[in-house]
Asks: 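Below are the structure tokens for one structure; questions will follow.
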There are 2 protein chains.
Amino acid sequence: MKTSSPTFQPLYLQIKGLVERALEAGEWGPGAAIPAEVALAARFGVSQGTVRKAIGALADENLLVRKQGKGTFVATHTEERASNFRFLRVRRNDGQTEYPGSRLIDLRRARAGAETARRLGIRVGDHVFVLRRVLDLASHPAVLDDITLPAVLFAGLTRARYAAYPGSTYGFFEQVFGVRMLRAEERLTAVAADAVSAGLLDVEPGAPLLAVDRVSFTYGDRPVEVRRGLCATRHVHYWNALA
Amino acid sequence: MKTSSPTFQPLYLQIKGLVERALEAGEWGPGAAIPAEVALAARFGVSQGTVRKAIGALADENLLVRKQGKGTFVATHTEERASNFRFLRVRRNDGQTEYPGSRLIDLRRARAGAETARRLGIRVGDHVFVLRRVLDLASHPAVLDDITLPAVLFAGLTRARYAAYPGSTYGFFEQVFGVRMLRAEERLTAVAADAVSAGLLDVEPGAPLLAVDRVSFTYGDRPVEVRRGLCATRHVHYWNALA
DNA sequence: CAGTGGTCTAGACCACATC
DNA sequence: ATGTGGTCTAGACCACTGG
């Protein structure tokens with residue numbers, strides 16, 4: 001079953017698209033096992049090898065996780081304790097691996113300004129949630145996050161529900177609101193601490209801070225989170241690998 | 001030709017290792033084409049599919065570059081004009097793609113201190129080169145780089161030769177000294193500009209700067225460059241993708 | 001045209017996890 | 001023992017490049 005045309009697209013990419021759509025439609029929930037390769041091959045009428053390539057591509061994009069002998073599973077932000085460092089680039093300088101504690105400072109409804117609306121792909125004036133929190137690492141306040149979310153996707157978000165959730169924030173979003181963060185883009189700059197940030201991060205006003213501006217995307221590359229993190233880099237740093 | 005053992009290693013990984021060693025030995029120079037897959041398959045006594053997997057893994061690590069219809073080539077830092085942004089994460093805020101101009105400030109021989117020696121895997125007191133330069137972007141000084149190199153690997157490095165080379169620094173290292181940078185690790189922090197940095201970057205002393213500490217690795221994960229970049233993030237930022 | 005990498009298949013077998 | 005993903009093979013054919 002081949003399709004030849006001027007705009008050639010390999011069969012395995014078509015299969016990949018089908019699996020991707022099934023994932024987006026929620027055919028298999030986060031953490032669940034998808035059907036075995038042979039089963040998918042039968043379902044799509046292609047060979048196992050072709051399904052393998054499609055699944056491999058999705059695994060490379062961290063949408064799926066393969067586990068030899070067990071199956072292939074829908075990636076999840078919960079129980080990702082190990083690979084969760086994927087979206088957490090702030091590490092302790094002493095090399096110890098520690099998950100930051102999170103203190104919720106504020107959560108309020110607001111309306112999107114021009115810049116936020118543009119980055120989130122919503123209209124100016126649309127409702128958003130703005131969540132402010134402080135992450136603690138190495139017994140010090142390390143990051144002040146301001147997280148902006150389109151209200152329509154996070155209906156029912158409250159301080160209590162946020163505080164009650166035990167896992168990571170993205171695990172919370174995924175499990176409670178069905179919003180899966182798949183990738184993100186960040187811009188880093190250096191800024192001077194203002195009075196409020198300085199107070200929350202326990203530094204002097206004017207102290208240099210690492211500003212991390214993030215936009216996170218879900219299926220279809222739709223932006224669903226805008227976040228600014230201000231990081232006091234005394235006991236921590238932002239880690240990156242260039243491969 | 002299979003090898004089964006308690007410490008199981010797939011055949012394609014063994015082939016990958018063999019190709020990697022051939023690359024390190026310089027059997028095919030940077031930019032050159034390696035033998036066709038069928039030829040390599042014959043040489044190693046395996047099927048083409050196994051060679052493909054090995055080469056694919058090396059291509060994923062950016063050691064090789066595949067070009068359909070043409071062949072597979074040894075990756076190079078010269079003529080990498082497009083993918084060279086791999087090691088250049090500082091971008092203009094206005095989105096324009098521009099290659100920074102480079103001004104050599106100083107180049108001198110020195111001896112490795114404890115910290116440098118540790119990070120470069122050399123002995124304290126070993127000779128190193130310390131190269132200071134300023135990168136200009138958007139018509140402003142953007143980055144002040146201090147690059148430390150083990151002298152033994154870069155024998156003959158002079159201001160004149162550095163200045164005379166037209167391409168990227170890593171292209172220079174690769175072409176002139178045969179040192180190929182394959183990957184790098186970076187730690188980012190925010191610092192306050194001292195008098196010298198402020199002068200060179202045209203900012204006020206005490207202004208917040210983005211400090212980028214990089215260690216670059218060549219074959220065998222041997223560290224061969226330590227660099228600190230101080231970045232004034234007025235018209236530029238550090239870009240990163242979390243996938 | 002010939003040569004290259006890229007796709008797809010069918011089948012055999014291996015390693016791992018679970019029952 | 002069974003089912004899963006992982007490896008390996010052999011061969012056919014497709015898409016791209018360049019002479």
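In what follows, every chain begins at residue 1, and chains take the letters A, B, ... in the order their sequences are listed. Given the structure is predicted, the values throughout are model-derived calculations rather than measurements.
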Asks: Would you please say whether a donor-acceptor pair under 3.5 Å links the side chains of A:Y238 and A:R91?
Replies: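 Side-chain D/A pair, A:Y238 to A:R91: absent.
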Asks: Expressed as a whole number of angstroms, how long is the span from A:L11:CG to D:dA12:C1'?
Replies: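 Spelled out: CG on A:L11 to C1' on D:dA12 is 15 Å.
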Asks: Please identify which of these residues, A:I55, A:L40, A:V46, A:L58, meets the side-chain contact (heavy atoms from CB on, under 4.5 Å) condition with A:I15.
Replies: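 Of the listed options, the one satisfying the test is A:V46.
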Asks: From C-beta outward on B:T72, which listed nucleotide comes closest to its side chain: D:dA15, D:dT7, C:dG5?
Replies: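 Nearest nucleotide to the side chain: C:dG5.
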Asks: Whole angstrom is fine here: how far is it from CZ in A:F73 over to C1' in D:dG5?
Replies: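 Rounded to the whole Å, the gap is 10 Å.
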Asks: Among D:dG6, C:dT7, C:dA10, which nucleotide sits nearest the side chain of A:K53?
Replies: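 It is C:dT7.
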Asks: Is there a side-chain polar atom (N or O) of B:K67 under 4.0 Å from OP1 or OP2 of D:dT17?
Replies: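 The answer is no; no side-chain N or O of B:K67 sits under 4.0 Å from OP1 or OP2.
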Asks: Taking atom types as modelled, find out whether A:E225 and A:T148 have a side-chain donor-acceptor pair closer than 3.5 angstrom.
Replies: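 Judged by distance alone, the side chains do not pair up.
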Asks: Could you state the CG-C1' distance from B:L40 to C:dG5, rounded to the nearest angstrom?
Replies: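 After rounding, the gap between these two atoms is 12 Å.
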Asks: With DNA chain C as reference, determine whether A:V51 or B:G69 sits nearer its 5' end, using the nearest nucleotide of each.
Replies: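 Its nearest nucleotide lies further toward 5', so the answer is B:G69.
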Asks: How many whole angstroms separate atom CZ of B:F44 from atom C1' of D:dC8?
Replies: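 Checked: the CZ to C1' distance equals 17 Å.
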Asks: Starting at the 5' end of DNA chain C and moving along, which residue's nearest nucleotide shows up first, A:Q68 or B:I55?
Replies: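 Nearest nucleotide further toward 5': that of B:I55.
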Asks: Closer than 4.0 Å, any side-chain N/O of A:S47 to the OP1 or OP2 of C:dA10?
Replies: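 No, no such contact exists.
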Asks: Looking at every heavy atom in both A:V143 and A:G229, which two are closest together, and how far apart are they?
Replies: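 Scanning both residues, the minimum pair turns out to be CG1-CA, 4.2 Å.
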Asks: Send over the distance from B:E37 CD to D:dC8 P, rounded to a whole Å.
Replies: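 The answer, rounded to whole Å, is 15 Å.
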Asks: Do the side chains of A:R66 and A:E37 get close enough for a salt bridge, i.e. N-O under 4.0 angstrom?
Replies: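 Yes, this pair counts.
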Asks: Is A:K70 close enough to C:dT18 that one of its side-chain N or O atoms is under 4.0 Å from OP1 or OP2 there?
Replies: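 Checking A:K70 against C:dT18: at least one side-chain N or O falls below 4.0 Å of OP1 or OP2.
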Asks: Between D:dT9 atom C1' and B:I15 atom CD1, what is the distance in whole Å?
Replies: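 After rounding, the reported distance stands at 14 Å.
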Asks: What is the distance from CD of B:Q48 to P of D:dA10, rounded to the nearest Å?
Replies: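 Value for this atom pair: 11 Å.
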Asks: Does a side-chain N or O from A:R52 land closer than 4.0 Å to OP1 or OP2 of D:dG5, or not?
Replies: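 No.
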Asks: Where the side chain of A:V46 is concerned, which of D:dT4, C:dT9, C:dT7 is the nearest nucleotide?
Replies: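 Given the options D:dT4, C:dT9, C:dT7, the side chain of A:V46 is closest to C:dT9.
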Asks: Over how many whole Å does the gap from A:I34 atom CD1 to D:dG3 atom C1' extend?
Replies: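 Interatomic distance, CD1 of A:I34 to C1' of D:dG3: 15 Å.
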